[in-house]
Amino acid sequence: MSSRLLRKLLLLLALFAITLPVFFCNNPAGKNEEEYTHPATLWRNVYDTAAHYVGMQTCRGCHQSIYETFIQTGMGQSFGFATKQKSSADFMPAHALVYDSALDYYYKPYWNNDSLYIMEFRVENGDTVHKRIQKVDYIVGSGQHTNSHIFNTNGYLYQAPITFYTQKRKWDLAPGFEKGANTRFQRLIEIECMSCHNGYPDFVSNSENKYAKVMTGIDCERCHGPGSLHVAERQSSMPVDTSKGPDYSIVNPRRLPTELQNNVCQRCHLQGIAVLNDGKTFFDFHPGMKLSEVMNVFMPEYVGAQDKMIMASHVERMKKSQCYIQSGKMSCITCHNPHVSVKFTPRAQFLNACQSCHGSAHGQQQCTETATVRAAKNNDCVTCHMPHNSSIDIPHVAVTDHYIRKRPITDTMQKKITAFLGMKCFNNDKPDAITIARGYMEFYERYAPARGLLDSALLYLNRQNDIEAAKKQNRDYIRVYYLLNDFQKVADYATHIIPSSINDAWTAYRIGEAYYQLQHADSALPWYQRATDIWHFSLDFENKYGICLLALNKVPEALKVFQFVLGENPNHVSANTNLGYIYMQQGNNTMSYDYMMRAYDLDPDYEQNLINLAVWYHNSQQPAKAKNSLEHLLKKHPGNERAKAMLLDLERI
């Protein structure tokens, strides 16, 4: 073969290689999309930093019919203003009164004209001795299962302590507020929570729970990615015939490979312990990515827990199913149309999904139940193989169990949890040891403060010893020893670190708190300050910084910090308490009493404020009230040794 002929042949092969992907990108109508999988980078709105969100109303301009059905889904109805139209709750007296027996508070929701309020009150000997009224600004939840309630204080969002459970038509304490864990009006709505229950907000990044603007409902771009490129091209009259191939300006999840489809859904429907990768935020995941590029989601595994499920664990449960394991192509949209509410989806759609694999045309074994049993169930596969189960994290709620089994466990067959097996990552088969350790620590902090979890975290941290890992691990060792209350160990790790080198607010705060607990307020101060430099609008961090200043007798600086906190949130109990203390020390009894009573009205059981009030009453020659304050404190906090000593001194007078 001549060299010229060889060059022509190689050129022809090269041209063929260049054009070959074009043939496979033009998916003929009617072909199985799984045959045409593409690298995510072909979807141009996935990684393009210029792509930005345009909002659901922009999408609606061209996709009105899809909008009309989507807005009725659980996602479309996930978050809204607190209006009578949005609320699914009953407000008759028999339904709308909740009592927290652990903390001795009653809660009453009610409407005043068109505004929703929650009243907290306490009754002693037939008299109301405490009352706090909080206006509700938002309702979270579609009403299919719950309505929970959020209020806004100068942009800071907090959860109210009661929820309406629609399936039982019952008001009760909000999930996580039960059994003495009621944080009343202080639970922060942080970005992890907001980013799944709503469209992406305008978040104040140097805060924990402050928002410049929030959306009202999960929107189109949560599943399709930022829409600006798509909108710009359509407005520039650049049509794409999607019957011949994808429109790569915006992700269409149905055209993604199966596991990337599931990654879109499991961003929020794989509820567990989400551990962000270094440098990532909850805003960084875009449809078309692997979720593991941004975070790893862990779930605890137990012996005997096959039928124990949390509410939003749909993907985890599905991935346990043989249908998923054996098929290799099962995704959430195998059964669901995300644009149509399950309330309006024909039952046949779900049954047809089962029949697509288990129908007679595929030679699969048919249902082995008798004709009588099948007729009683209307030949409904889902009823038998995906029954409704209660969730372990949300009371009064039953949801479809997506763990598809031949013989699901019935109530009479329920097993007891006998052993903890460990943390399993459900979106990454090979998370590194540091990430696993963080999963154990996160689980400890949020749900199960068991020492063994921290021992496991240390075990995994010690598995990576190279220099780069050691640098990464510094903040992790600080965290685990902080959780172990080994403050000296935390201080030892901080010895060779300067505050300005730390960019993680929690690490700086933990070091500051460790020094403070070791009674080295002077060493704690620069670390508290660093934490507030990073998160200026973390009011709890600011408050601790002010307390440290006060401990060092830097009263003017402390005064400014507490005034800043109350300027941001006038209802911050500790900051009101601390200002009351400062003014009492300065001899300004009127202002001191005003701030302490403000704190008392917000939280009548707050220990430090009750001690300060006792001192104020004693100094004001009101021993009976001082005694009452201390007795009330000890009734609610019987282990407070300082209050016991003060009460003993009063009784000797």
Side-chain angles (χ1 to χ4, degrees), residues 81-82 105 107 115-120 130-138 140 148-162 174 177 182-194 198 201-214 505-506 509 512-513 528-529 531-550 557-583 591-610 612:
F81 292 107
Y105 288 116
Y107 295 95
S115 296
L116 178 59
Y117 293 86
I118 292 175
M119 178 172 64
E120 174 190 75
H130 161 73
K131 183 167 67 174
R132 175 176 175 177
I133 295 174
Q134 179 61 58
K135 183 177 182 293
V136 173
D137 295 288
Y138 301 103
V140 58
S148 287
H149 304 87
I150 293 174
F151 62 94
N152 180 350
T153 302
N154 195 29
Y156 295 88
L157 298 190
Y158 302 87
Q159 183 175 355
I162 58 174
F177 284 70
N182 182 0
T183 51
R184 302 173 58 245
F185 301 94
Q186 299 183 64
R187 179 183 283 183
L188 281 58
I189 300 297
E190 299 180 71
I191 191 59
E192 180 178 2
C193 173
M194 180 65 75
N198 200 8
D202 184 358
F203 177 62
V204 179
S205 59
N206 55 348
S207 77
E208 292 180 274
N209 67 317
K210 188 173 186 179
Y211 302 84
K213 180 181 179 182
V214 296
W506 270 108
Y509 172 80
E513 187 69 5
Y528 282 135
Q529 184 173 6
T532 60
D533 287 344
I534 300 168
W535 279 358
H536 181 52
F537 295 102
S538 172
L539 301 186
D540 289 338
F541 285 3
E542 288 281 358
N543 185 63
K544 287 305 295 273
Y545 176 45
I547 290 172
C548 190
L549 286 166
L550 199 55
E557 294 95 324
L559 188 68
K560 289 180 181 178
V561 171
F562 297 134
Q563 287 172 337
F564 166 76
V565 172
L566 294 182
E568 292 291 302
N569 180 5
N571 295 333
H572 197 283
V573 176
S574 182
N576 275 288
T577 297
N578 293 326
L579 269 182
Y581 173 80
I582 287 175
Y583 287 122
M591 290 190 69
S592 173
Y593 187 73
D594 286 347
Y595 278 108
M596 286 191 283
M597 288 308 298
R598 173 64 177 162
Y600 182 82
D601 290 341
L602 292 167
D603 185 353
D605 301 337
Y606 189 61
E607 291 180 79
Q608 186 60 55
N609 191 56
L610 289 170
N612 293 354

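Please read these numbers as outputs of a predicted model, since none were measured by experiment.
Counting heavy atoms from C-beta outward, Y138 and H149 have side chains that stay 4.5 Å or more apart. Side-chain atoms of N182 and Y107, non-hydrogen and from C-beta on, do get closer than 4.5 Å to each other. When side chains are defined from C-beta on, E208 counts as touching W506, because their heavy atoms get closer than 4.5 Å.
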Kindly determine whether N152 and K210 satisfy side chain to side chain contact (heavy atoms under 4.5 Å, CB included), including the steps that lead there. CA-CA 9 Å; N152 180 350; K210 188 173 186 179; over 6 Å; no
Are L566 and L579 close enough, and set up right, to give a side chain to side chain contact (heavy atoms under 4.5 Å, CB included), and what steps lead you there? CA-CA 10 Å; L566 294 182; L579 269 182; 3.4 Å; yes
Are Y528 and F541 close enough, and set up right, to give a ring-ring contact (aromatic ring centres under 6.0 Å, His included), and what steps lead you there? CA-CA 7 Å; Y528 282 135; F541 285 3; 8.5 Å; no
Apply ring-ring contact (aromatic ring centres under 6.0 Å, His included) to residues F185 and Y158 and explain how you reach the verdict. CA-CA 7 Å; F185 301 94; Y158 302 87; 9.7 Å; no
Decide yes or no on ring-ring contact (aromatic ring centres under 6.0 Å, His included) for H536 and F564, but give the supporting numbers first. CA-CA 10 Å; H536 181 52; F564 166 76; 4.6 Å; yes
What's the verdict on side chain to side chain contact (heavy atoms under 4.5 Å, CB included) for Y156 and F537, showing C-alpha distance, side-chain angles and the deciding distance? CA-CA 9 Å; Y156 295 88; F537 295 102; 3.3 Å; yes
Using side chain to side chain contact (heavy atoms under 4.5 Å, CB included), reason through L157 and Y211 one step at a time and then give a plain yes or no. CA-CA 8 Å; L157 298 190; Y211 302 84; 3.6 Å; yes
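Side-chain atoms of N543 and N578 form a donor-acceptor pair, as typed in the model, at a separation below 3.5 Å. At a cut-off of 3.5 Å, with distance as the only test, no side-chain donor of Y545 or D533 sits close to an acceptor on the other residue. A side-chain donor-acceptor contact under 3.5 Å links Q608 and N612. S574 and Y606 are linked by a side-chain donor-acceptor pair at a separation below 3.5 angstrom, with hydrogens and angles left out of the test. Using a 3.5 Å distance cut-off with no hydrogens or angles, the side chains of Y105 and D605 do pair a donor with an acceptor.
Qualifying side chain to side chain contact (heavy atoms under 4.5 Å, CB included) partners for T183, counting only residues two or more places apart in sequence or in other chains: F177, R187. In terms of the side chain to side chain donor-acceptor pair (under 3.5 Å) criterion, residue partners of D540 (sequence neighbours excluded) are, by chain and number, H572. With sequence neighbours left out, A599 forms a side chain to side chain contact (heavy atoms under 4.5 Å, CB included) with V573, N576, T577, N609.
Contact record, F151 with V136: CB-CA, 4.4 Å, taken as the closest heavy-atom pair. Scanning all heavy atoms of the two residues, the minimum distance from L539 to V565 falls at O-CG2, 4.0 Å. Residues A174 and A160 approach most closely at CB-O, 4.1 Å, considering heavy atoms. The two atoms that bring P570 and L602 nearest to each other are O-CD1, 4.3 Å, heavy atoms only. When all heavy atoms of K213 and P201 are compared, the pair lying nearest together is O-CB, 3.3 Å. V561 and E542 get closest at one heavy-atom pair: CG1-O, 3.0 Å.
By the 6.0 Å contact criterion, NZ on K135 is enclosed, its count of non-hydrogen atoms from other residues, nucleotides or ligands being greater than 12.
To the nearest 0.5 Å, atom CD1 of residue I547 and atom CD of residue E513 are 8.5 Å apart.
In this structure, E120 pairs ionically with R184, as a charged nitrogen and a carboxylate oxygen lie closer than 4.0 Å.
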